[in-house]
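Accompanying notes for the structure given below.
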Amino acid sequence: MTNKNDAKIQELLQELTLEEKAGLCSGSDFWHTKAVERLHIPEVFMSDGPHGLRTQKGEGDHLGLNESIKAVCFPAACATAASYDTEMANELGKILGNECNAEGVDILLGPAVNMKRSPLCGRNFEYYSEDPYLAGKLASSYIQGVQSQGVGTSIKHFAANNQEYRRMSNSSNLSERTLHETYLPAFEIAIKEAAPKTVMCSYNQINGIFSADNKNLLTEILRDAWGYEGCVVTDWGAIHDRVQGIKAGTDIEMPGSAGINDAEIIAAVKDGSLDEADLNKVVERILHLILDKEQIEGVVDWNEDHKKAVEMEKESAVLLENNGVLPLQAQKKIAYIGEFAEKPRFQGGGSSHINAWCVTSALETAKEKNRQIAYEKGFSADNDIYEEEIAKRAVECAKNADAAVIFAGLPDAFESEGYDREHMHLPESQNRLIEEICSVQENVVVVLHNGSPVECPWADKVSAVLEMYLGGEGVGEAADALLWGEANPCGRLAETFPLKLEDTPCYLNFANDKFNTDYTEGVFIGYRYYDVKKMEVQWPFGHGLSYTTFRYDNLTLDKKVMHGQEKITVSVSVTNTGEHYGKEVVQLYVKDNTKTAVRPEKELKGFCKVALEAGETKTVTFVLDERSLSYYNESLKDWYAASGTYTVCIGHSSRRIALETELEYVTETELPFTVDMNTCLGDILAHPVTAAVFHEMMKNAGSHLASSDEVNDTDDLMMQSMMDSMPFRNFKTFVHIPTAAIQGIIDRMNEALKTAKSQ
């Protein structure tokens, strides 16, 4: 694709010295690339902040240790993913892009789209989902929003970065299918749809090769297969072998190594171990990043952005349980318990930690609105210490109220970038107090502040559970509106809440080896695992309640048979059958009935958030294509959907399917098939070409196996099974056919397959 700066960049490549080219490949400090003043090549300024700017004017760091400028802290990705709202993701991107322009930031480091393989990953609060389709679509909208303001993004961390333990050296070991089907699609969707200016490669190794050195990942997949034309930037300190990184496709090393790695590039070019043409490709991409920048003035209204943060959290909070106690009634006396009511936890720790502009609490908001509440601390928001007197006062307060709202959650120290959680428990002091309050009060509401699922041993004893996640600086105002019915909860879980840690798919293979992490669960993470195992969970993927109710009707496909690369349109009507305005998240799942491969029971392939007045009906449409039905086939090294029947499911969650209909799919793509001595008879007879050759050859040989009826229609199931799984080599033993004759039959079959494929 031609670009207005192509000619200028080619001129610069001729003028740049080798030393200047090498210098462009690394940062000048923690946040800036190098400028080349003599050629008027400016620097690029990068900043952390997927959910708010962490721009540092003083000494830089990548762990949230040093102070950053004041900025609005929006809900973290764990929360915004639960909105299932691509328009909101786009709006958030636009707001952050505008703030970047106001602060002179060129590249915003985000979004983070790594899969939530385990609830224990310390950085899960920054990641969207356990589902790659949902993560990819939200990331795509967010990136388009940011980049519409002339600011670049850096989608991260590419790839299979799913734990903090030994993240800078550990190897994520996974099959080709698992990588392509589970850990790459979120990146692929966003890169193809939104073209982020940069991709940030991860720290970890993938099957023994560091991401920054991985040519298969950075060139063959990212650029050749997906058509990506932007820059690859390292995670801060992720470079491994700088020269190999150039060859693999790593463009910019951040934050730089004070010229050490630049010198290695120069030396490699001079001694011939690095072709300068490869270096030129990297420099060309970097120059495009620098020169293609758009200059847009940013004017920020911090008050307005704070209001937006509140509204976004209202869209993202998930009502997990409710027996009718919510919304709270104004005439009732309500007890607020737990220090999170006064000091909400609204963001995670590490590189995305925002110096929040204006934090509001639920307690402060309730007082401003003259709610009839009484407050007791009950437990600390910062530690896990049960204080008898403080807890006793909280129990008494709850006992004397009409309902008790307990603001619970994980302290800052429980989850952060840099380390993983050791368990899924809330602090024991909180669990204990919740149980004690339940013993004296029948109307108990728990409001959660956490970045990842927690075990809830009291879930069947409380009346309602409202998941706020890490909801940004406006979490208190949002919680107040949702609790008191000024807003209707409309978030849905973007991850499963298992009953206990031991139920998780990777329980035996998560962060327990210094050198290797084996993804033995394969493609079965999150609901894909729990649903196929039919395991009981606390709350399923896609779950969320409302103060109103919804009904689905009229599920239709515009055609019942789909061929090859055709597309079909799915339509369904949604009705608000309750008494209040509300929003429903319509979820579309696809189930493969062909039995061609071991696959999840169903997979999310579409979602839509729809707003409805009481009694109102709207029609929602989705488009499905071949990819929607496909799995990654390692023999093809591509996506493949087998001919056969698929079920299109419409539901309120992965466990609450309301409507289903069947779709017939027909493909002309054939899986690779060749015959050798170890090919089983059942496979030969299942393929029409090889079956015809086999029967002809057996008939000519006068074998008693010539009749397919004898092989396929026998009443003897044991014999049938044995014949089906018998390798062709065993014809020497059981049919007394010489090796040479067997090989001749094999050759005939393979020739027939080759002829059939060419026709």
Could you give all pairs that pass the salt bridge (Lys or Arg N to Asp or Glu O under 4.0 Å) test and reach residues 75-98, with sequence neighbours left out?
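Output for this query lists Glu91-Lys308.
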Filter on salt bridge (Lys or Arg N to Asp or Glu O under 4.0 Å), then keep only pairs touching residues 209-224, sequence neighbours left out; what's left?
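Counting only pairs at least two positions apart or across chains, the salt bridge (Lys or Arg N to Asp or Glu O under 4.0 Å) contacts touching residues 209-224 are Arg223-Asp251.
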Run the side chain to side chain donor-acceptor pair (under 3.5 Å) test on Asn162 and Asn114 for me, step by step, so that the C-alpha distance in whole Å, both residues' side-chain angles and the decisive distance to 0.1 Å come before the verdict.
CA-CA 6 Å; Asn162 310 105; Asn114 296 98; 5.7 Å; no
Please say which of Glu495, Glu130, Glu126 ends up in a salt bridge (charged side-chain N to carboxylate O under 4.0 Å, His left out) with Lys116.
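That would be Glu495; it is the only one of Glu495, Glu130, Glu126 passing the salt bridge (charged side-chain N to carboxylate O under 4.0 Å, His left out) with Lys116.
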Between [X] (side chain only) and [Y] (backbone N and O only), is there a donor and an acceptor less than 3.5 Å apart?
{"X": "Glu521", "Y": "Cys506", "result": "no"}
{"X": "Ser129", "Y": "Ala494", "result": "yes"}
{"X": "Ser452", "Y": "Pro119", "result": "yes"}
{"X": "Asn204", "Y": "Ala159", "result": "yes"}
{"X": "Tyr84", "Y": "Leu138", "result": "no"}
{"X": "Asn98", "Y": "Val299", "result": "yes"}

Is Lys270 atom NZ crowded by more than 12 heavy atoms from other residues, nucleotides or ligands, each under 6.0 Å away?
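Atom NZ in Lys270 is not crowded, with 12 or fewer foreign heavy atoms closer than 6.0 Å.
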Neighbour count above 12 (heavy atom, 6.0 Å) for Lys293 NZ
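Yes, NZ of Lys293 has more than 12 neighbouring heavy atoms, counting only those of other groups under 6.0 Å.
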Salt-bridged, Asp382 to Lys343, with N to O below 4.0 Å?
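Yes, charged N to carboxylate O under 4.0 Å.
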Intermediate values then yes/no, side chain to side chain donor-acceptor pair (under 3.5 Å), Gln144 and Ser140
CA-CA 6 Å; Gln144 290 177 63; Ser140 173; 3.0 Å; yes
Just to verify, which of Gln347, Arg345, His353 counts as forming a side chain to side chain donor-acceptor pair (under 3.5 Å) with Asp412?
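Answer to the side chain to side chain donor-acceptor pair (under 3.5 Å) test with Asp412 among Gln347, Arg345, His353: Arg345.
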